[in-house]
Amino acid sequence: IRGRLDFLTPEFVAGMCASFGNYVGGGRVLVGRDTRTSGGMVQGAAVSGLLSVGCSVADLGVVPAPTVEFETTRLRASGAVAVTASHNPPEWNALKFVDKDGIAISKERGEGIEKIFEQGSKRAQWSEIRGIENYSLALRDHISAIKNYVDGARIKKEKLKLVLDCGNGTASLLAPYLFRELGCGVLSLNAQPDGFFPGRDPEPTMGNVRDLIACVVETEADAGIAWDGDGDRVIFVDEKGCYVIGDKVFALCADSALARKKGDVVTTVATSDVVRDIAKKHGSRVVYTKVGGPYISEKMREMRAVVGGEEVGGVIWPDVHLGKDGFITAAKIVEAMARSGEPLSKLVARLPAYFNAKTKIPCAGEKKLKIMRAITEKARKEGREVVTLDGARINYPDGWCIARPSGTEDYIRIFAEAKSCGRAEGLVEEWSRFAKREIG
Ligand code: MG
């Protein structure tokens, strides 16, 4: 539930959290928040709501969202509320509801909470009200679990030099400690928590991490790492100062996970084929879901998959927990660098190369669905395989193209990937021309 403070009022937050407390059936619920200025206010209201329906609350304080998810299963809580708006602008905040398995509640499952909210939640009697406990070991628990999950001796031996851009977010509280304890040389940027995000925008896009890129080059570091505001997503900068996009980070992680353990990979229909190629190399299967972290986590729980992730750089390591975790992901990439003894640019260069193209076409309301149906029909008539899990993904022998109606804006987005730049642009051109003609 995401928005500015005119929407996320204390009354609304307390009401939604009371409904969530009913939804999980009471018990102990964890609460953690990111570095936003409104964090204390929203968290206070959330705690009130939870207590009002008889839940007990463990307050984890200011911690990354993956730390909340990790602790939910470790502490056997009934659920958790992470107060974080991830990569959104500073004036935003949000409630992320997490189930007992540490999986974020999807839009569909969230309707159950909304129903309780509308009907009115069942409040506790005065004698049933329970207390708040301050649990201050969450960061320490999370760091220990990550250190146990990587080859610490190997990382220590390589003495890698890293620049960490924490973006004034919750990564500031975990990342510099983790990598120093792993024996890396650490130079940190924007590593003081600040809800105004003075260092950079909380979203680690290429344009937003220019300081990191310059710093990696200037200090001749082995890599640069940057997280988003709540630390579930991570991107890398190689030793030459080149930005490594999310799906390449995911592909390197899938390679590392599958080398250690055989099994399935779960990802969304919008993820690069580089992940599919890596899975094929290990004799593994890729299972596709709709776009969105919760869908990947749910599918992974169901299939007991080895690794999962999304194209924007969120990777899930189910051996530790079922949420996207930018810190385990970063540590596994550093481990892969240490094991290979090669620079990051070489590891990335060895991945199969693909090219992307994208565009968006103005299209509003009901018409979106009509156009989507027309695209699906035309592709099927041409004998193409069409996956309609989320929009329409059309598979070709040498690439693929996906058309998805935007959920929040009046657009249809078209994205293509192929072995050459020209082919990717050709696919986008072909389908956007068709869509425009249908729109009329
Ligand atoms: Mg995030």
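Counting starts at 1 for both ligands and their atoms, following the listed order. For clarity, every value in this text was computed on a predicted model and none was experimentally measured. Just so you know, these numbers use all the heavy atoms, side chains as well, and skip hydrogens, waters and symmetry mates.
- Paired with V244 under the rule side-chain contact (heavy atoms from CB on, under 4.5 Å), one option of L351, I333, V348 passes, and it is V348.
- Its N, O or S atom nearest to the Mg ion (ligand 1) is what matters here, and for D232 that atom is OD1.
- Checked against the Mg ion (ligand 1), the N, O or S atom of D228 at the shortest distance is OD2.
- Closest to the Mg ion (ligand 1) among the N, O or S atoms of D230 is OD1.
- Counting backbone and side-chain atoms alike, S86 contributes an N/O/S atom closer than 2.8 Å to the Mg ion (ligand 1).
- Between F20 and F97, the two ring planes are parallel [angle under 30°; tilted spans 30° to 60°].
- The residue from L173, N168, V62, T170 that alone fulfils the side-chain contact (heavy atoms from CB on, under 4.5 Å) condition with P193 is L173.
- When all heavy atoms of F12 and F7 are compared, the pair lying nearest together is CD2-O, 3.6 Å.
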